[in-house]
Amino acid sequence: MLDSKYIEENLETVVKKIKDRGAEFDTESFKSLDQERKRIISQVEKLENERNVGSKKVGELRRDGKADEAGELQTELKEKSEQIKQLSEERKKADEDFRDFLLTVPNIPHDSVPVGDSDADNVEVKNWGKKREFGFEPKDHVEIGKALDILDLDRAAKITGARFALYKGLGARLERALANFMLDLHTGEHGYSEVLPPFMANTASFIGTGNLPKFEEDLFKIQGTDYYLIPTAEVPVTNIYRDEILSEEDLPLKYAAYTPCFRSEAGSYGKDVRGIIRQHQFNKVELVKFAHPDTSYEEHESLTENAARVLELLGLPYRIVVLSTGDMGFSSAKTYDIEVWVPAENTYREISSCSNFEDFQARRASIRFRPKGGGKVRLVHTLNGSGLAVGRCVIGILENYQEEDGSVRIPDVLVPYMGGVQEITV
RNA sequence: GGAGAGGUGGCCGAGUACGGUCGAAGGCGCUCGCCUGCUAAGCGAGUAAAGGGCUUAAACCCUUUCGUGGGUUCAAAUCCCACCCUCUCCGCCA
C-alpha cells in the first residue's frame with residue numbers, strides 16, 4: 001500500500017509510474033474518496049468534541065448537586081450522540097472505501113527498473129556458468145525421472161490430480177537433500193535464521209503481503225475457516241512482525257524458511273502442463289529480510305547473490321534478469337529473477353524471484369522500527385526471494401547432469417546430503 | 001470438545017467491587033542533562049500510535065485507540081453480548 005500523503009503530494013509521479021506498470025491510477029477516484037473521507041472526519045470530530053466537553057460538564061454539575069441542569073444538558077447531548085452514531089457509520093464507510101482503493105494500487109517501481117510492457121523487456125544483468133555440450137540429445141526431466149523411477153506423475157494424478165508429483169526413492173531423497181543443503185548454506189554462511197512457519201495463514205496476513213484482496217483466485221482456501229494455504233513462505237514469515245515495532249539495532253533481520261507452497265494456478269490452463277515446472281504444490285526455501293530503509297537496496301543485491309550462490313555451488317548455469325515495469329509483481333518495487341538453464345527446453349527458467357517491496361508491505365502489515373536516537377517510528381523495508389525453488393532445482397540437476405546411458409550424476413556438494421550416493425542409475 | 005483464569009503503552013504491571021478527576025499509577029528500557037578518573041551506581045527531566053485541522057515546517061488544537069466487533073449510557077479500560085487469542089485442569093489425539 002502506498003502512503004496516501006505521498007500520493008497526494010506526488011500525484012504526477014504516481015500516475016506515471018503506475019502507468020509504466022501497465023496499470024492505471026484513478027486520480028479522480030482517489031481525490032473524491034480522500035476528500036469525502038476528510039469531510040466526514042472533521043464533521044464527526046467536531047461533534048465528538050462537543051459531546052465530550054458536554055459530558056464532562058454533566059459530571060461537574062452532578063458533583064455540585066445541580067441535578068436539574070445536568071438533566072437538561074443530558075437531553076441535549078443525547079441528540080448529539082445520535083448524530084454522532086449516524087455520522088460514524090458514514091465515516092467508517094468512507095475510511096473503508098478509501099483503504100480498499102489504496103489496497104488495489106500496486107507498488108511504484110524503483111527508478112532503476114527498466115520501463116517495458118512484458119517479460120520481453122526484462123534486462124539480463126548477469127550470466128553465470130557454461131552450458132554443457134551434450135554429445136547426445138538431452139532428455140527432459142519427465143523422461144529421465146520416469147526411466148529412473150524417481151518421479152511418478154501418473155500416480156500423483158490418481159492420488160490427487162493434475163499438477164501434483166510423487167517423488168520416489170532417490171528422487172524423494174534428492175528433494176530432501178537440496179532443501180537441507182540450501183538451509184545449511186543460508187543459515188551457516190549467509191547469516192539467516194531458520195524458521196518453520198505455519199503452512200496456512202489468515203486473511204490479515206495475506207493482506208499484509210499484498211496477496212489479498214486482489215489475488216484470492218490464486219490461493220487455496222480452507223473451507224469453513226479464515227485460513228488459506230500459503231503460496232510461499234513469504235506470507236507467514238513477513239507477517240512474523242505484523243503490528244510490531246522493532247529496534248533499529250535489530251535490523252536487518254534475516255530469515256530462511258523451508259515450506260511447501262500451494263498455488264491454484266488459476267489462469268494458467270494449458271501452460272507448462274508437462275512435468276513438474278508448474279505444480280499446485282511444491283517445496284521452496286524462502287529468504288526474507290526486514291531491512292532499514294536506507295540500506296534495503298544493498299540488502300536486495302546481497303539477497304539475490306545469496307540465492308544465486310546455490311546454483312553456483314550446484315554447478316548449474318543461470319542468468320539474472322531485472323524485471324521490467326510490465327512484468328513485476330503487484331507489491332514489488334524492484335525484482336530480480338534468477339533463471340536456471342534447462343537443456344531440454346533450450347531455455348532459461350525462473351527458479352527464484354528476489355524482490356524489494358520497500359515499505360509497501362510494511363505499511364499494510366504495520367511493521368515498523370524505532371530509530372536509535374529516538375524520534376518517530378518508521379516503516380521497515382521488506383524483501384524476499386526464493387533460495388531456491390526445490391522442484392525446479394531437481395529439474396536443473398536431472399537435465400544438466402544426465403548422461404547418455406540415462407544415469408544422472410549428483411553434484412559434489414549434494415553427495416553428503418545423499419548419503420554418499422554419487423549418481424542415480426537405472 | 002468440557003471447566004476455570006486472563007488479554008492494558010517498546011516491555012513488565014496497577015487500575016475494573018462504587019462508570020466521569022484514566023492516555024492510563026509504578027517499574028524496566030530508551031533519550032537528554034548532572035554527577036563519577038573510566039564503567040557501574042546515583043540524581044533530574046523527558047518518553048505511545050494513528051488520523052484530522054492549522055502551518056513552508058515545527059509548535060499547537062482536536063479525534064480515536066486498554067484483544068476484536070457490537071450494545072447500554074450524556075459519559076465505558078471499567079457494565080452487557082458475541083467472537084478471537086493465551087494460560088491451567090479434564091477428555092481426545094500424532
Respond yes when some side-chain nitrogen or oxygen of [X] is under 4.0 Å from OP1 or OP2 of [N], and no when none is.
X: A/Lys56; N: B/rG20; result: no
X: A/Lys5; N: B/rG52; result: yes
X: A/Arg37; N: B/rG52; result: yes
X: A/Ser55; N: B/rU73; result: no
X: A/Lys80; N: B/rU73; result: no

Can you check the distance between [N] and [M], where both ends of the measurement are the [atom1] atom (answer in whole Å)?
N: B/rU78; M: B/rG19; atom1: P; answer: 12 Å
N: B/rC66; M: B/rA77; atom1: P; answer: 6 Å
N: B/rC90; M: B/rA17; atom1: C1'; answer: 31 Å
N: B/rU65; M: B/rG7; atom1: C1'; answer: 16 Å
N: B/rA49; M: B/rG9; atom1: C1'; answer: 9 Å
N: B/rA14; M: B/rG27; atom1: C1'; answer: 11 Å
N: B/rA82; M: B/rU88; atom1: C1'; answer: 24 Å
N: B/rC79; M: B/rG6; atom1: P; answer: 11 Å

Inset, instruction - Using a cut-off of 6.0 Å, state whether more than 12 heavy atoms not belonging to A/Asp119 lie near its atom CG. - result: yes

Inset, instruction - Answer with base, sugar-phosphate or nothing: what part of the nucleic acid does A/Leu73 contact at a heavy-atom distance below 4.0 Å? - result: nothing

Inset, instruction - Check every strand shown and say whether A/Arg62 touches a base, only sugar-phosphate, or nothing at a heavy-atom separation below 4.0 Å. - result: base

Calculate, to the nearest 0.5 Å, the distance between atoms [atom1] and [atom2] belonging to [X] and [Y] respectively.
X: A/His381; Y: A/Asp359; atom1: NE2; atom2: CG; result: 4.5 Å
X: A/Ser352; Y: A/Ile320; atom1: OG; atom2: CD1; result: 8.5 Å
X: A/Ile424; Y: A/Arg173; atom1: CD1; atom2: CZ; result: 10.5 Å

Should [N] form a Watson-Crick or G-U wobble pair with both distances under 3.5 Å, which nucleotide is its partner?
N: B/rA82; answer: B/rU68
N: B/rC87; answer: B/rG4
N: B/rU47; answer: B/rG29
N: B/rC93; answer: none
N: B/rG42; answer: B/rC34
N: B/rC60; answer: B/rG53
N: B/rU21; answer: none

Inset, instruction - Would you mind reporting whether A/Pro231 and A/Asp218 have side-chain heavy atoms less than 4.5 Å apart? - result: no

Inset, instruction - For residues A/Tyr336 and A/Leu303, determine if any side-chain heavy atom of one lies less than 4.5 Å from a side-chain heavy atom of the other. - result: no

Which nucleotide in the list [options] gets nearest to the side chain of [X]?
X: A/Tyr227; options: B/rG20, B/rA50, B/rC85; value: B/rC85
X: A/Val58; options: B/rG20, B/rG52, B/rG70; value: B/rG20
X: A/Leu77; options: B/rA49, B/rG53, B/rC74; value: B/rC74
X: A/Lys85; options: B/rA48, B/rG20, B/rU72; value: B/rU72

Legend entry - Option among A/Leu102, A/Thr238, A/Leu103 that satisfies the side-chain contact (heavy atoms from CB on, under 4.5 Å) test with A/Arg364: A/Leu103

Legend entry - Residue of the set A/Ser296, A/Ser112, A/Ser355 for which side-chain hydrogen bond (donor to acceptor under 3.5 Å, both in side chains) holds with A/Lys334: A/Ser112

To the nearest Å, give me how far apart [atom1] ([X]) and [atom2] ([N]) are.
X: A/Glu96; N: B/rG69; atom1: CD; atom2: P; result: 11 Å
X: A/Asp34; N: B/rG51; atom1: CG; atom2: P; result: 12 Å
X: A/Glu36; N: B/rG51; atom1: CD; atom2: P; result: 19 Å
X: A/Arg242; N: B/rG67; atom1: CZ; atom2: C1'; result: 13 Å
X: A/Ile245; N: B/rA49; atom1: CD1; atom2: C1'; result: 7 Å
X: A/Lys92; N: B/rU68; atom1: NZ; atom2: C1'; result: 11 Å
X: A/Leu61; N: B/rA75; atom1: CG; atom2: C1'; result: 13 Å
X: A/Glu249; N: B/rU31; atom1: CD; atom2: C1'; result: 13 Å

Polar-atom pairs under 3.5 Å, protein N or O versus N or O of nucleotides 58-66 of chain B: list them with distances, or write none.
residue	atom	partner	partner atom	Å
B/rC62	O3'	A/Asn49	ND2	2.8
B/rU63	OP1	A/Asn49	ND2	3.0
B/rU63	OP1	A/Asn52	ND2	3.2
B/rU63	O3'	A/Glu48	OE1	3.1
B/rU63	O2'	A/Glu48	OE1	2.7
B/rU64	OP1	A/Arg51	NH2	3.1

Legend entry - Check: A/Phe199 ring centre within less than 6.0 Å of A/Phe262 ring centre: no

Inset, instruction - Verify the ring-centre separation between A/Phe101 and A/Phe25: is it less than 6.0 angstrom? - result: yes

Inset, instruction - Tell me which of A/Thr75 and A/Lys38 sits closer to the 5' end of RNA chain B, going by the nucleotide each one is nearest to. - result: A/Lys38

Inset, instruction - Taking syn as within 90° of 0 and anti otherwise, name the glycosidic form of B/rA82. - result: anti

